[in-house]
Amino acid sequence: MTERLLPTPSQTIGPFYGHALPFPDGGQVASQGHPEAITLHGYVFDGAGEVIPDALLDFWQAAPDGSLEGAPGSLRRDPSTGGFLGRNGLDFTGFGRVATDADGRYALHTLPPGNAGLPYISVCVFARGLVHHLFTRAYLADGADPLLDSLPADRRATLIAAEGANRTYRFDIRLQGEGETVFLEFQ
């Protein structure tokens, strides 16, 4: 008699995102060489503390003036071939999509968000083993905030990106275990 094995979540969910959904310059939300551009970067870790080389991250944020309208242009297609035409490089769309590399790293080049309160960038995480995608925020500063203030200090720290040199912010995402990132229910 043959034993019947059921598929695991990683077999049913991925890792196919790394091939189908990213697009060229998906992490280049700010135009090349913009003097106000910042870089949000980091790693995505699984519950065992191992990097995830094929996660996909969606980012969206307010424009520097605080507006939430954005501009179309992240996924422009050639009307005749359906191929990818890319961003126009001028308009700020407020949306980015980045796959992690073989070392589990990602980088988003964008402009500082001008939302009310503490500046943050919203993040949606897709990864193998996740039946549902996860939402979180990468805060670019610490201070008074209704969401951050509702969390214990150790959990609060998982939402705050560490500022580095040259307008960079490191924000690691841990899906489980010690230092697990706070994930948000999105309604």
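Among residues two or more places apart in sequence or in another chain, the side-chain hydrogen bond (donor to acceptor under 3.5 Å, both in side chains) test is passed with Thr181 by none. Partners of Phe135 under the ring-ring contact (aromatic ring centres under 6.0 Å, His included) rule, at least two apart in sequence or in another chain, are His133, Phe186. Looking at residues two or more places apart in sequence or on another chain, you find a side chain to side chain contact (heavy atoms under 4.5 Å, CB included) between Asp103 and Asp101, Arg105. Taking Ala107 as the reference, Thr39, His41, His109 meet the side chain to side chain contact (heavy atoms under 4.5 Å, CB included) condition, with sequence neighbours excluded. Not counting sequence neighbours, Tyr169 has no partner by the ring-ring contact (aromatic ring centres under 6.0 Å, His included) test. For Tyr106, the ring-ring contact (aromatic ring centres under 6.0 Å, His included) partners two or more places apart in sequence, or in a different chain, are Phe59. Partners of Glu180 by side chain to side chain contact (heavy atoms under 4.5 Å, CB included), not counting sequence neighbours, listed by chain and number: Arg155, Gln176, Phe183. Applying the salt bridge (charged side-chain N to carboxylate O under 4.0 Å, His left out) criterion to Asp46, with sequence neighbours excluded, gives no partner residue.
Hydrophobic cluster of Leu68: no remaining members, since no ILVMFWY side chain lies below 4.5 Å from it.
A pairwise comparison of heavy atoms in Val51 and Gly104 identifies CB-CA, 3.9 Å as the closest pair. Contact record, Val182 with Leu159: O-CD2, 3.4 Å, taken as the closest heavy-atom pair. Among all heavy-atom pairs drawn from Arg87 and Gly26, the shortest one is NH2-O, 2.9 Å. Across Leu140 and Ala161, no two heavy atoms sit closer than the pair CD2-CB, 4.3 Å. Residue Gly96 comes nearest to Val29 through the heavy atom pair CA-CG2, 3.8 Å, listed as atom of the first residue, atom of the second, then distance. Scanning both residues, Val125 and Leu130, for their nearest heavy atoms gives O-CD1, 3.9 Å.
The side-chain heavy atoms of Ser31 and Phe92, taken from C-beta on, include no pair separated by under 4.5 Å. With a 4.5 Å cut-off on side-chain heavy atoms, Pro112 and Pro119 do not count as touching. The closest side-chain heavy-atom distance from Ile52 to Leu175 is below 4.5 Å. For the pair Leu147/Leu184, a side-chain contact is recorded, criterion being any heavy-atom separation below 4.5 Å from C-beta on. Residues Val98 and Pro22 form no side-chain contact, since every pair of their non-hydrogen atoms from C-beta on lies 4.5 Å or further apart. The side-chain heavy atoms of Thr136 and Thr158, taken from C-beta on, include no pair separated by under 4.5 Å.
For the salt bridge (Lys or Arg N to Asp or Glu O under 4.0 Å) condition, the pairs that include at least one residue of residues 167-179, sequence neighbours left out, are Glu36-Arg167, Arg170-Asp172. Judged as a side-chain hydrogen bond (donor to acceptor under 3.5 Å, both in side chains), the pairs with a partner in residues 137-152 (not counting sequence neighbours) are, in order, Tyr120-Arg137, Arg137-Tyr139, Tyr139-Asp145, Asp142-Arg156, Asp149-Arg156. Annotation: salt bridge (Lys or Arg N to Asp or Glu O under 4.0 Å) contacts involving residues 57-71, sequence neighbours excluded, comprise Asp58-Arg97.
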Would you sort out whether Ile121 and Leu40 count as a side chain to side chain contact (heavy atoms under 4.5 Å, CB included), showing the intermediate values? CA-CA 9 Å; Ile121 297 174; Leu40 180 70; 4.1 Å; yes
Could you walk me through whether Glu163 and Thr168 pass the side chain to side chain contact (heavy atoms under 4.5 Å, CB included) check? CA-CA 6 Å; Glu163 187 171 0; Thr168 62; over 6 Å; no
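By the criterion of side-chain heavy atoms lying less than 4.5 angstrom apart, applied directly or through intervening Ile, Leu, Val, Met, Phe, Trp or Tyr residues, Val123 is grouped together with Leu134 in one hydrophobic cluster. Side-chain heavy atoms closer than 4.5 Å link hydrophobic residues (I, L, V, M, F, W, Y) into clusters, and following such links, even through other members, never connects Leu108 to Phe45.
Inspection of the Gln61 and Thr110 side chains reveals an N or O donor paired with an N or O acceptor under 3.5 Å.
The backbone N or O of Leu118 sits less than 3.5 Å from a side-chain atom of Asn115, completing a donor-acceptor pair.
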